[in-house]
Amino acid sequence: MAHLIELCAGTAAVSLAALGCSRFPVSRIGSKAGWVAPILDALGVQTPLKTATLVEADPRLAALLAALLSDEGRRALAVGVEASLSEASRVVWERARSGSTATDTLVWMAGARGGIGGYKGAHKLRPSVDGFIPTRASLVRRLRAFKVCGLATVLCADVSTLDPHGFEPSAVYIDPPYAGRQGYRTTLTEPVEVLARRWCAAGHQVVVSEARPLEGANETREITALRRGQSRRSLTTDHAEWLSIYRAN
């Protein structure tokens, strides 16, 4: 498959890796950055890809992805974060939490526990942390060094409203809100198994991440032990990771 569609994109770890871009500049619980290799293997894509489509229902996160993947948008993000460096950490975070710009969303995530929760505050083991990980200065540097490869299109939409026949046969990755997990601002309006089968029936190769194997898949793989990097588990109730593969009809 020469094109990747990432449904429920979140911070789009799989698409960014497939395109050869830098990693999303802030960590977020639920990110699949640590499992990119086995996911891409299951999708059967040859990297780097030239194009990808990212579908995200959260308008704030979709706007942030679009800004991050645009030279002008990324410069605006860096300038916006840099403008806050002289202000108190908690003041900046509270303003970002209620703000509506892409910069607000990024700053809020950097200062929230797991990228989704309440204010991080001081770090008990790292006195230099002033409430943001990465620090705001480090975040500016990451934004200015961010590498964009290929062409990514960001769609802000409920994935269930999309007609899979409207897309050329592609590799489709779905990282849905997990049952029992915290931090998801949006939920699916249909069971993920139904969503996967609809896209598969339209000629797409579909891979779904979940904490369990899904019924009706052609193949399931447990990838829990294949994670690379730090695992953040403080806000989860289940640590298992499974891939369910629906082969194109």
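Please read all numbers here as calculations on a predicted model, not as lab measurements.
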Non-hydrogen atoms of S84 and R136 that approach each other most closely: O-NH1, 2.7 Å

Heavy-atom closest contact (K32 atom, Y173 atom, distance): CG-OH, 3.2 Å

Shortest non-hydrogen contact from L188 toward P177: CG-CD, 3.9 Å

L43 with W242, same ILVMFWY side-chain cluster at under 4.5 Å: no

Rounded distance (nearest 0.5 Å) linking atom CD of Q205 with atom CD1 of I5: 12.5 Å

CA sep, side-chain torsions, deciding dist, call: W93, F132, ring pair (Phe, Tyr, Trp, His ring centres under 6.0 Å): CA-CA 9 Å; W93 186 80; F132 294 93; 8.1 Å; no

Distance (rounded to the nearest 0.5 Å) between E168 CD and T53 OG1: 11.5 Å

Side-chain donor or acceptor of R142 paired with backbone N/O of P25 under 3.5 Å: yes

Test item: R227 side-chain N/O and G34 main-chain N/O as donor-acceptor pair under 3.5 Å: no

Heavy-atom side-chain contact between V148 and R74 under 4.5 Å: yes

Flag, side chain of D41 to backbone of P38, donor-acceptor distance under 3.5 Å: no

Atom CZ of R221 with >12 non-hydrogen neighbours under 6.0 angstrom: yes

Y246 reachable from L162 in the ILVMFWY side-chain graph, under 4.5 Å edges: yes

Expected output: side-chain T51 to main-chain L151 donor-acceptor under 3.5 Å: no

Donor-acceptor pair between D104 and T101 side chains, under 3.5 angstrom: yes

L106 with Y119, same ILVMFWY side-chain cluster at under 4.5 Å: yes

Presence of salt bridge, E72 and R75, under 4.0 angstrom: no

S15 OG to L4 CG distance, which is reported to the nearest 0.5 Å: 4.0 Å

Trace of the side chain to side chain donor-acceptor pair (under 3.5 Å) decision for T224 with E241: CA-CA 5 Å; T224 310; E241 285 291 335; over 6 Å; no

E215 with R197: basic N within carboxylate O range, under 4.0 Å: no

pair V79-L77: side-chain heavy atoms closer than 4.5 Å: no

Heavy-atom side-chain contact between E6 and V172 under 4.5 Å: no

Separation of L65 CG from S70 OG (nearest 0.5 Å): 12.5 Å

Salt-bridge contact E193-R212 (side-chain N to carboxylate O under 4.0 Å): yes

Side chain to side chain contact (heavy atoms under 4.5 Å, CB included) partner of V26, chosen from L139, I133, L64: L139

S170 backbone acceptor or donor facing H204 side chain under 3.5 Å: yes

C21/K147 under side chain to side chain contact (heavy atoms under 4.5 Å, CB included): CA gap, chis, key distance, verdict: CA-CA 5 Å; C21 299; K147 179 178 69 172; 5.9 Å; no

For L243 against S209, the heavy-atom pair lying closest together: CD2-OG, 3.4 Å

Value rounded to 0.5 Å, distance of CG in L40 from CH2 in W35: 14.5 Å

Under 3.5 Å: donor-acceptor pair, side chain of H3, backbone of A171: no

Stepwise side chain to side chain contact (heavy atoms under 4.5 Å, CB included) test for V14 and L16: CA-CA 6 Å; V14 174; L16 293 179; over 6 Å; no

Close side-chain approach of R198 and H165, heavy atoms under 4.5 Å: no

Sub-4.5 Å side-chain heavy-atom contact between E87 and R95: yes

Considering all heavy atoms, the nearest A248-G203 contact: CB-O, 3.5 Å

Value rounded to 0.5 Å, distance of OG1 in T135 from CZ in R141: 6.0 Å

Test item: V81 and L143 side chains (from C-beta on) under 4.5 Å apart, heavy atoms: yes

Test side chain to side chain contact (heavy atoms under 4.5 Å, CB included) applied to L69 and L54, step by step: CA-CA 11 Å; L69 293 165; L54 318 180; 3.9 Å; yes

Side chain to side chain contact (heavy atoms under 4.5 Å, CB included), paired with V208, selected from I245, T220, L214, L7: L214

Any donor-acceptor pair under 3.5 Å from S89 side chain to D130 backbone: yes

Min side-chain heavy-atom separation V159-L195 under 4.5 Å: yes

Smallest separation among heavy atoms of C200 and V206, with atom names: N-CG2, 3.7 Å

Pairwise side-chain contact, E94 with W108, heavy-atom cut-off 4.5 Å (strictly under): no

K120 side-chain N/O to A110 backbone N/O, donor-acceptor pair under 3.5 Å: yes

Derivation of the side chain to side chain donor-acceptor pair (under 3.5 Å) call for R28 and T11: CA-CA 8 Å; R28 189 189 197 204; T11 55; 5.7 Å; no

